[in-house]
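Down below is the structure, laid out as C-alpha coordinates.
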Protein chains: 2
Amino acid sequence: MPTTTLPKRRESRGDQRRHQIFKSLHDCILAKGYVKTTLADVAEGAGMSASHLLYYFKGKEDILEQYFDSVSVRFMARIAEFSSQEPRVQIQSLADFWFKGETSTIKEIGFMLECFGAAVNDDVLRITKAEFDESCKAHLVDIFQASPAVFMESTKDAAEISYALMIGLRSAVYFDSDINLDEAHRLFLNSILSMSGHT
Amino acid sequence: MPTTTLPKRRESRGDQRRHQIFKSLHDCILAKGYVKTTLADVAEGAGMSASHLLYYFKGKEDILEQYFDSVSVRFMARIAEFSSQEPRVQIQSLADFWFKGETSTIKEIGFMLECFGAAVNDDVLRITKAEFDESCKAHLVDIFQASPAVFMESTKDAAEISYALMIGLRSAVYFDSDINLDEAHRLFLNSILSMSGHT
DNA sequence: CGTATTTCTTGAATATAATTCAAAATACAC
DNA sequence: GTGTATTTTGAATTATATTCAAGAAATACG
(Lines give C-alpha, C1' and ligand atoms only; values in the text may rest on other atoms or scores of the structure.)
Protein backbone atom coordinates (compact mmCIF):
# COMPACT_ATOMS: atom_id res chain seq x y z
CA MET A 1 0.00 0.00 0.00
CA PRO A 2 1.86 3.09 -1.23
CA THR A 3 1.51 6.16 0.93
CA THR A 4 1.58 9.56 -0.71
CA THR A 5 3.03 11.92 1.85
CA LEU A 6 3.26 15.65 1.46
CA PRO A 7 6.83 16.82 1.00
CA LYS A 8 7.83 18.74 4.09
CA ARG A 9 10.66 21.16 3.64
CA ARG A 10 11.84 20.56 7.20
CA GLU A 11 12.59 16.91 6.52
CA SER A 12 15.20 15.77 4.05
CA ARG A 13 14.18 13.13 1.55
CA GLY A 14 16.17 10.58 3.51
CA ASP A 15 14.39 11.41 6.77
CA GLN A 16 11.04 11.07 5.05
CA ARG A 17 12.08 7.65 3.78
CA ARG A 18 13.23 6.66 7.25
CA HIS A 19 9.91 7.71 8.73
CA GLN A 20 8.01 5.72 6.12
CA ILE A 21 10.12 2.71 7.10
CA PHE A 22 9.50 3.24 10.83
CA LYS A 23 5.78 3.59 10.21
CA SER A 24 5.72 0.42 8.15
CA LEU A 25 7.77 -1.49 10.72
CA HIS A 26 5.40 -0.36 13.45
CA ASP A 27 2.36 -1.47 11.43
CA CYS A 28 3.99 -4.83 10.71
CA ILE A 29 4.92 -5.40 14.36
CA LEU A 30 1.38 -4.63 15.52
CA ALA A 31 0.06 -7.01 12.85
CA LYS A 32 2.38 -10.00 13.27
CA GLY A 33 5.19 -9.17 15.66
CA TYR A 34 8.79 -8.21 15.00
CA VAL A 35 10.19 -11.73 14.65
CA LYS A 36 7.63 -12.79 12.07
CA THR A 37 7.95 -9.53 10.16
CA THR A 38 10.18 -9.88 7.10
CA LEU A 39 12.13 -7.14 5.38
CA ALA A 40 9.87 -7.76 2.38
CA ASP A 41 6.85 -6.93 4.59
CA VAL A 42 8.41 -3.69 5.80
CA ALA A 43 9.53 -2.79 2.30
CA GLU A 44 6.07 -3.29 0.84
CA GLY A 45 4.51 -1.11 3.53
CA ALA A 46 7.08 1.59 2.91
CA GLY A 47 6.73 1.35 -0.88
CA MET A 48 10.21 0.25 -1.76
CA SER A 49 12.24 -2.88 -2.38
CA ALA A 50 13.61 -4.96 0.47
CA SER A 51 17.19 -4.37 -0.58
CA HIS A 52 16.63 -0.64 -0.52
CA LEU A 53 15.80 -0.74 3.18
CA LEU A 54 19.45 -1.58 3.70
CA TYR A 55 20.45 1.62 1.94
CA TYR A 56 19.05 3.49 4.95
CA PHE A 57 19.66 0.92 7.70
CA LYS A 58 22.38 -1.62 8.40
CA GLY A 59 19.88 -4.43 8.78
CA LYS A 60 16.60 -5.52 10.28
CA GLU A 61 17.88 -5.11 13.84
CA ASP A 62 19.14 -1.63 13.07
CA ILE A 63 15.67 -0.52 11.97
CA LEU A 64 14.16 -1.68 15.26
CA GLU A 65 16.98 -0.15 17.29
CA GLN A 66 16.61 3.27 15.71
CA TYR A 67 12.82 3.13 15.82
CA PHE A 68 12.84 2.10 19.47
CA ASP A 69 15.16 4.98 20.18
CA SER A 70 12.87 7.44 18.43
CA VAL A 71 9.89 6.15 20.43
CA SER A 72 11.92 6.46 23.60
CA VAL A 73 12.80 10.08 22.81
CA ARG A 74 9.17 10.89 22.00
CA PHE A 75 7.96 9.33 25.28
CA MET A 76 10.57 11.15 27.35
CA ALA A 77 9.55 14.45 25.79
CA ARG A 78 5.91 13.74 26.55
CA ILE A 79 6.67 12.86 30.16
CA ALA A 80 8.91 15.91 30.58
CA GLU A 81 5.91 18.08 29.71
CA PHE A 82 4.25 16.96 32.95
CA SER A 83 7.06 18.43 35.07
CA SER A 84 5.45 21.83 35.43
CA GLN A 85 2.30 20.36 36.95
CA GLU A 86 1.49 19.92 40.65
CA PRO A 87 2.62 16.50 41.97
CA ARG A 88 -0.94 15.25 42.24
CA VAL A 89 -1.75 16.25 38.66
CA GLN A 90 1.55 14.86 37.47
CA ILE A 91 0.69 11.48 38.93
CA GLN A 92 -2.68 11.59 37.20
CA SER A 93 -0.98 12.51 33.92
CA LEU A 94 1.43 9.59 34.24
CA ALA A 95 -1.38 7.14 34.98
CA ASP A 96 -3.22 8.39 31.89
CA PHE A 97 -0.08 8.20 29.79
CA TRP A 98 0.71 4.60 30.71
CA PHE A 99 -2.84 3.21 30.84
CA LYS A 100 -4.99 5.38 28.56
CA GLY A 101 -4.82 6.81 25.09
CA GLU A 102 -3.24 5.69 21.86
CA THR A 103 0.23 5.00 23.24
CA SER A 104 -1.20 2.50 25.70
CA THR A 105 -3.43 0.15 23.79
CA ILE A 106 -3.04 -3.60 24.22
CA LYS A 107 -1.22 -3.80 20.89
CA GLU A 108 1.20 -1.04 21.82
CA ILE A 109 1.95 -2.81 25.09
CA GLY A 110 2.66 -5.94 23.06
CA PHE A 111 5.09 -3.95 20.95
CA MET A 112 6.79 -2.72 24.12
CA LEU A 113 7.05 -6.24 25.56
CA GLU A 114 8.50 -7.60 22.36
CA CYS A 115 11.10 -4.82 22.34
CA PHE A 116 12.06 -5.66 25.92
CA GLY A 117 12.50 -9.28 24.93
CA ALA A 118 14.66 -8.29 21.99
CA ALA A 119 16.62 -5.88 24.21
CA VAL A 120 17.78 -8.75 26.41
CA ASN A 121 20.34 -9.74 23.78
CA ASP A 122 20.78 -6.51 21.84
CA ASP A 123 23.20 -4.01 23.30
CA VAL A 124 21.73 -1.01 21.50
CA LEU A 125 18.16 -1.71 22.58
CA ARG A 126 19.27 -2.51 26.11
CA ILE A 127 21.12 0.77 26.52
CA THR A 128 18.20 2.73 25.08
CA LYS A 129 15.85 1.07 27.53
CA ALA A 130 18.20 1.57 30.46
CA GLU A 131 18.46 5.30 29.72
CA PHE A 132 14.72 5.59 29.33
CA ASP A 133 14.13 3.81 32.64
CA GLU A 134 16.64 6.06 34.36
CA SER A 135 14.94 9.16 33.01
CA CYS A 136 11.49 7.98 34.10
CA LYS A 137 12.66 7.11 37.59
CA ALA A 138 14.33 10.51 37.94
CA HIS A 139 10.99 12.15 37.15
CA LEU A 140 9.29 9.94 39.72
CA VAL A 141 11.85 10.93 42.35
CA ASP A 142 11.06 14.59 41.62
CA ILE A 143 7.36 13.93 42.04
CA PHE A 144 7.81 12.17 45.38
CA GLN A 145 10.14 14.88 46.64
CA ALA A 146 7.49 17.50 45.91
CA SER A 147 4.75 15.40 47.51
CA PRO A 148 3.25 15.83 51.02
CA ALA A 149 4.71 12.65 52.49
CA VAL A 150 6.37 9.48 51.29
CA PHE A 151 5.55 6.24 53.07
CA MET A 152 8.83 4.68 52.02
CA GLU A 153 12.41 4.61 53.21
CA SER A 154 13.36 7.01 50.42
CA THR A 155 12.01 8.74 47.36
CA LYS A 156 14.33 6.52 45.34
CA ASP A 157 12.59 3.42 46.71
CA ALA A 158 9.20 4.94 45.99
CA ALA A 159 10.23 5.70 42.41
CA GLU A 160 11.61 2.20 41.93
CA ILE A 161 8.37 0.65 43.16
CA SER A 162 6.20 2.97 41.09
CA TYR A 163 8.12 2.18 37.93
CA ALA A 164 8.10 -1.56 38.59
CA LEU A 165 4.36 -1.35 39.18
CA MET A 166 3.88 0.37 35.83
CA ILE A 167 5.92 -2.25 33.96
CA GLY A 168 4.29 -5.15 35.79
CA LEU A 169 0.73 -3.89 35.41
CA ARG A 170 1.16 -3.23 31.68
CA SER A 171 2.51 -6.74 31.28
CA ALA A 172 -0.46 -8.15 33.20
CA VAL A 173 -2.88 -6.22 31.04
CA TYR A 174 -1.34 -7.81 27.97
CA PHE A 175 -1.20 -11.40 29.18
CA ASP A 176 -3.85 -11.85 31.84
CA SER A 177 -7.61 -11.86 31.44
CA ASP A 178 -8.23 -10.89 35.09
CA ILE A 179 -7.15 -7.29 34.56
CA ASN A 180 -7.75 -4.65 31.89
CA LEU A 181 -6.38 -1.19 31.15
CA ASP A 182 -8.98 0.60 33.27
CA GLU A 183 -8.33 -1.53 36.33
CA ALA A 184 -4.59 -1.21 35.91
CA HIS A 185 -5.04 2.56 35.64
CA ARG A 186 -6.98 2.61 38.91
CA LEU A 187 -4.48 0.37 40.73
CA PHE A 188 -1.50 2.38 39.51
CA LEU A 189 -3.07 5.75 40.29
CA ASN A 190 -4.28 4.76 43.76
CA SER A 191 -0.96 3.15 44.66
CA ILE A 192 1.14 6.13 43.67
CA LEU A 193 -1.23 8.64 45.24
CA SER A 194 -1.20 6.61 48.43
CA MET A 195 2.60 6.23 48.45
CA SER A 196 3.02 9.97 47.98
CA GLY A 197 0.63 10.90 50.78
CA HIS A 198 -2.17 12.25 48.58
CA THR A 199 -4.99 10.85 50.68
CA MET B 1 22.19 -60.74 47.06
CA PRO B 2 20.73 -58.30 44.53
CA THR B 3 22.04 -59.35 41.15
CA THR B 4 19.50 -57.56 39.01
CA THR B 5 19.81 -53.82 38.60
CA LEU B 6 16.58 -51.97 38.88
CA PRO B 7 15.33 -50.93 35.47
CA LYS B 8 15.21 -47.17 35.73
CA ARG B 9 12.14 -46.89 33.57
CA ARG B 10 11.20 -43.56 35.09
CA GLU B 11 12.22 -41.87 31.85
CA SER B 12 11.79 -43.37 28.43
CA ARG B 13 14.59 -42.96 25.92
CA GLY B 14 12.57 -40.29 24.17
CA ASP B 15 12.06 -38.31 27.39
CA GLN B 16 15.79 -38.46 28.10
CA ARG B 17 16.45 -37.08 24.64
CA ARG B 18 13.90 -34.35 25.14
CA HIS B 19 15.55 -33.37 28.42
CA GLN B 20 18.95 -33.23 26.76
CA ILE B 21 17.44 -30.92 24.17
CA PHE B 22 15.81 -28.69 26.82
CA LYS B 23 19.07 -28.51 28.73
CA SER B 24 20.97 -27.57 25.58
CA LEU B 25 18.38 -24.97 24.60
CA HIS B 26 18.57 -23.43 28.06
CA ASP B 27 22.38 -23.27 27.89
CA CYS B 28 22.23 -21.71 24.44
CA ILE B 29 19.65 -19.12 25.48
CA LEU B 30 21.71 -18.08 28.49
CA ALA B 31 24.78 -17.84 26.24
CA LYS B 32 23.39 -15.94 23.25
CA GLY B 33 19.61 -15.63 23.55
CA TYR B 34 16.82 -17.57 21.88
CA VAL B 35 16.70 -15.60 18.65
CA LYS B 36 20.40 -15.95 17.96
CA THR B 37 20.43 -19.62 18.92
CA THR B 38 20.33 -21.89 15.89
CA LEU B 39 19.04 -25.44 15.72
CA ALA B 40 22.62 -26.47 14.95
CA ASP B 41 23.69 -24.92 18.29
CA VAL B 42 21.03 -26.78 20.23
CA ALA B 43 21.78 -29.99 18.36
CA GLU B 44 25.48 -29.79 19.12
CA GLY B 45 24.81 -29.23 22.82
CA ALA B 46 22.43 -32.17 22.88
CA GLY B 47 24.81 -34.40 20.92
CA MET B 48 22.72 -34.96 17.84
CA SER B 49 22.14 -33.60 14.37
CA ALA B 50 19.96 -30.55 13.74
CA SER B 51 17.50 -32.46 11.64
CA HIS B 52 17.04 -35.00 14.43
CA LEU B 53 15.73 -32.31 16.76
CA LEU B 54 12.69 -32.21 14.53
CA TYR B 55 12.08 -35.89 15.15
CA TYR B 56 11.17 -34.91 18.73
CA PHE B 57 9.79 -31.43 18.16
CA LYS B 58 7.79 -29.77 15.42
CA GLY B 59 10.28 -26.93 15.12
CA LYS B 60 12.40 -24.41 16.95
CA GLU B 61 9.36 -22.65 18.40
CA ASP B 62 7.94 -25.94 19.60
CA ILE B 63 11.07 -26.66 21.63
CA LEU B 64 10.80 -23.33 23.42
CA GLU B 65 7.06 -23.73 23.97
CA GLN B 66 7.43 -27.12 25.58
CA TYR B 67 10.47 -26.09 27.60
CA PHE B 68 8.75 -22.94 28.83
CA ASP B 69 5.79 -25.08 29.84
CA SER B 70 8.03 -27.46 31.80
CA VAL B 71 9.67 -24.53 33.60
CA SER B 72 6.25 -23.12 34.37
CA VAL B 73 5.11 -26.45 35.88
CA ARG B 74 8.29 -26.71 37.93
CA PHE B 75 7.89 -23.17 39.26
CA MET B 76 4.24 -23.71 40.15
CA ALA B 77 5.11 -26.87 42.06
CA ARG B 78 7.83 -25.01 43.95
CA ILE B 79 5.48 -22.18 44.85
CA ALA B 80 2.73 -24.60 45.88
CA GLU B 81 5.13 -26.03 48.47
CA PHE B 82 5.00 -22.71 50.32
CA SER B 83 1.24 -23.02 50.90
CA SER B 84 1.56 -24.85 54.18
CA GLN B 85 3.64 -22.05 55.71
CA GLU B 86 2.40 -19.13 57.79
CA PRO B 87 1.58 -16.08 55.65
CA ARG B 88 4.60 -14.18 56.88
CA VAL B 89 6.96 -17.05 56.09
CA GLN B 90 5.25 -17.62 52.77
CA ILE B 91 5.94 -14.03 51.79
CA GLN B 92 9.58 -14.47 52.76
CA SER B 93 9.76 -17.69 50.70
CA LEU B 94 8.30 -15.93 47.67
CA ALA B 95 10.75 -13.05 47.97
CA ASP B 96 13.61 -15.54 48.14
CA PHE B 97 12.25 -17.52 45.23
CA TRP B 98 11.93 -14.53 42.92
CA PHE B 99 15.05 -12.62 43.99
CA LYS B 100 17.54 -15.16 45.38
CA GLY B 101 18.93 -18.52 44.39
CA GLU B 102 19.63 -20.20 41.10
CA THR B 103 16.24 -19.60 39.52
CA SER B 104 16.68 -15.87 39.93
CA THR B 105 20.05 -14.93 38.56
CA ILE B 106 20.36 -12.06 36.12
CA LYS B 107 20.75 -14.53 33.26
CA GLU B 108 17.63 -16.45 34.26
CA ILE B 109 15.68 -13.21 34.40
CA GLY B 110 16.93 -12.47 30.91
CA PHE B 111 15.63 -15.84 29.78
CA MET B 112 12.26 -15.02 31.35
CA LEU B 113 12.10 -11.62 29.66
CA GLU B 114 12.96 -13.09 26.29
CA CYS B 115 10.22 -15.69 26.72
CA PHE B 116 7.71 -12.96 27.53
CA GLY B 117 8.72 -11.11 24.40
CA ALA B 118 8.32 -14.26 22.33
CA ALA B 119 4.97 -14.98 24.03
CA VAL B 120 3.53 -11.75 22.69
CA ASN B 121 3.08 -13.35 19.28
CA ASP B 122 3.04 -17.05 20.13
CA ASP B 123 -0.30 -18.43 21.23
CA VAL B 124 1.16 -21.43 23.06
CA LEU B 125 3.64 -19.40 25.10
CA ARG B 126 1.02 -16.77 25.81
CA ILE B 127 -1.46 -19.27 27.20
CA THR B 128 1.22 -20.94 29.30
CA LYS B 129 2.19 -17.59 30.77
CA ALA B 130 -1.41 -16.57 31.37
CA GLU B 131 -2.08 -19.78 33.30
CA PHE B 132 1.10 -19.39 35.30
CA ASP B 133 0.21 -15.80 36.19
CA GLU B 134 -3.27 -16.86 37.22
CA SER B 135 -1.89 -19.57 39.48
CA CYS B 136 0.60 -17.20 41.12
CA LYS B 137 -2.02 -14.56 41.76
CA ALA B 138 -4.36 -17.16 43.28
CA HIS B 139 -1.60 -18.07 45.74
CA LEU B 140 -1.10 -14.42 46.56
CA VAL B 141 -4.82 -13.97 47.21
CA ASP B 142 -4.64 -16.90 49.66
CA ILE B 143 -1.71 -15.30 51.43
CA PHE B 144 -3.46 -11.95 51.80
CA GLN B 145 -6.65 -13.58 52.99
CA ALA B 146 -4.71 -15.33 55.74
CA SER B 147 -2.87 -12.13 56.71
CA PRO B 148 -3.65 -9.78 59.63
CA ALA B 149 -4.88 -6.90 57.51
CA VAL B 150 -4.84 -5.78 53.91
CA PHE B 151 -4.39 -2.11 53.15
CA MET B 152 -6.12 -2.43 49.81
CA GLU B 153 -9.62 -2.44 48.47
CA SER B 154 -9.47 -6.20 48.07
CA THR B 155 -7.13 -9.16 48.33
CA LYS B 156 -7.40 -9.43 44.54
CA ASP B 157 -6.02 -5.89 44.17
CA ALA B 158 -3.23 -6.68 46.61
CA ALA B 159 -2.33 -9.82 44.68
CA GLU B 160 -2.37 -7.95 41.37
CA ILE B 161 -0.05 -5.28 42.74
CA SER B 162 2.29 -7.80 44.34
CA TYR B 163 2.61 -9.76 41.14
CA ALA B 164 3.13 -6.63 39.04
CA LEU B 165 5.80 -5.54 41.50
CA MET B 166 7.59 -8.87 41.12
CA ILE B 167 7.55 -8.69 37.31
CA GLY B 168 8.57 -5.03 37.23
CA LEU B 169 11.37 -5.36 39.79
CA ARG B 170 12.87 -8.39 38.03
CA SER B 171 12.80 -6.44 34.78
CA ALA B 172 14.49 -3.48 36.47
CA VAL B 173 17.19 -5.73 37.90
CA TYR B 174 17.95 -6.96 34.41
CA PHE B 175 18.04 -3.64 32.60
CA ASP B 176 18.84 -0.94 35.13
CA SER B 177 22.10 -0.31 36.94
CA ASP B 178 20.43 1.53 39.83
CA ILE B 179 19.01 -1.65 41.35
CA ASN B 180 20.31 -5.16 41.98
CA LEU B 181 18.80 -8.44 43.14
CA ASP B 182 19.35 -7.73 46.85
CA GLU B 183 17.67 -4.34 46.72
CA ALA B 184 14.80 -5.70 44.68
CA HIS B 185 14.43 -8.47 47.27
CA ARG B 186 14.22 -5.92 50.05
CA LEU B 187 11.74 -3.70 48.21
CA PHE B 188 9.52 -6.63 47.27
CA LEU B 189 9.58 -8.15 50.74
CA ASN B 190 8.92 -4.89 52.58
CA SER B 191 6.13 -3.91 50.21
CA ILE B 192 4.26 -7.20 50.50
CA LEU B 193 4.75 -7.40 54.27
CA SER B 194 3.49 -3.86 54.60
CA MET B 195 0.49 -4.45 52.32
CA SER B 196 -0.47 -7.54 54.30
CA GLY B 197 -0.26 -5.80 57.66
CA HIS B 198 2.89 -7.60 58.88
CA THR B 199 4.36 -4.54 60.60
C1' DC C 1 19.71 23.61 -21.93
C1' DG C 2 23.62 19.65 -21.67
C1' DT C 3 26.21 16.89 -19.04
C1' DA C 4 28.82 15.53 -14.83
C1' DT C 5 28.13 13.99 -10.35
C1' DT C 6 25.76 12.56 -6.59
C1' DT C 7 21.94 10.22 -4.66
C1' DC C 8 18.49 6.80 -4.97
C1' DT C 9 16.68 2.32 -6.35
C1' DT C 10 16.40 -2.21 -7.90
C1' DG C 11 16.91 -7.18 -9.23
C1' DA C 12 19.98 -10.78 -9.20
C1' DA C 13 23.41 -13.28 -6.50
C1' DT C 14 24.91 -15.04 -2.00
C1' DA C 15 24.67 -16.66 2.80
C1' DT C 16 22.51 -18.54 6.62
C1' DA C 17 19.20 -21.10 9.02
C1' DA C 18 14.82 -23.78 9.40
C1' DT C 19 12.54 -27.56 7.69
C1' DT C 20 11.63 -31.85 4.83
C1' DC C 21 12.65 -36.33 3.45
C1' DA C 22 14.49 -40.67 1.86
C1' DA C 23 17.34 -43.90 3.48
C1' DA C 24 20.76 -45.84 6.63
C1' DA C 25 21.69 -47.47 11.25
C1' DT C 26 20.19 -49.26 15.42
C1' DA C 27 17.36 -51.43 18.79
C1' DC C 28 13.92 -54.74 19.73
C1' DA C 29 10.45 -58.62 19.41
C1' DC C 30 9.82 -63.23 18.31
C1' DG D 1 18.69 -65.06 13.09
C1' DT D 2 15.21 -62.45 10.93
C1' DG D 3 11.68 -59.08 10.48
C1' DT D 4 9.79 -54.84 12.29
C1' DA D 5 9.82 -50.52 14.64
C1' DT D 6 12.48 -46.77 16.17
C1' DT D 7 16.19 -43.64 15.90
C1' DT D 8 19.46 -40.97 13.33
C1' DT D 9 21.59 -38.70 9.66
C1' DG D 10 23.04 -36.05 5.50
C1' DA D 11 21.45 -34.18 1.51
C1' DA D 12 17.74 -31.40 -0.66
C1' DT D 13 14.39 -27.59 -0.15
C1' DT D 14 12.64 -23.33 1.39
C1' DA D 15 12.63 -18.87 3.40
C1' DT D 16 14.76 -14.82 4.59
C1' DA D 17 18.53 -11.51 5.43
C1' DT D 18 22.19 -9.37 3.28
C1' DT D 19 25.48 -7.93 -0.54
C1' DC D 20 26.45 -5.93 -4.75
C1' DA D 21 26.87 -4.26 -9.42
C1' DA D 22 24.53 -1.48 -12.21
C1' DG D 23 20.65 1.33 -13.80
C1' DA D 24 17.47 5.48 -12.88
C1' DA D 25 16.63 9.79 -11.07
C1' DA D 26 17.75 13.97 -9.12
C1' DT D 27 20.84 17.75 -8.65
C1' DA D 28 24.82 20.85 -9.55
C1' DC D 29 27.13 23.48 -12.78
C1' DG D 30 29.11 25.20 -17.30
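Each chain gets a letter, A, B and so on, in the order the sequences are listed, and its residues count up from 1.
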Atom pair distance, as rounded to whole Å: CD1 in A:Ile63 and P in D:dT18: 8 Å
Rounded to the nearest angstrom, tell me the gap between atom CD in B:Gln16 and atom P in C:dA27. 14 Å
Positions of residues 42-59 of chain B (non-hydrogen atom under 4.0 Å from DNA chain D), listed by number: B:Met48, B:Ser49, B:Ser51, B:His52, B:Tyr55, B:Tyr56
side-chain hydrogen bond (donor to acceptor under 3.5 Å, both in side chains) evaluation trace for B:Ser93 with B:Gln85: CA-CA 9 Å; B:Ser93 298; B:Gln85 304 169 335; 2.8 Å; yes
Report yes if at least one side-chain N or O of A:Arg17 is closer than 4.0 Å to OP1 or OP2 of C:dT7; otherwise report no. no
Any side-chain heavy atom of A:Phe144 sitting closer than 4.5 Å to one from A:Lys156? no
Aromatic contact between A:Phe57 and A:Tyr67, with the criterion being ring centroids under 6.0 Å apart: yes or no? no
Whole-Å gap separating C1' (D:dA17) and NZ (B:Lys36): 15 Å
Closest heavy-atom pair and its distance - A:Ile167, A:Phe116: CD1-CE1, 3.9 Å
Spacing between A:Arg18 atom CZ and C:dT7 atom P, to the nearest angstrom: 13 Å
So A:His19 and A:Phe22, would you call those rings parallel, tilted or perpendicular, with 30° and 60° as cut-offs? tilted
Integer-rounded Å distance: C:dA15 P and A:Leu39 CG: 18 Å
Give the rounded distance in Å between these two atoms: CG of B:Asp62 and P of C:dT20. 11 Å
Going by distance alone, is a donor N or O of one side chain under 3.5 Å from an acceptor N or O of the other, for A:His198 and A:Glu86? no
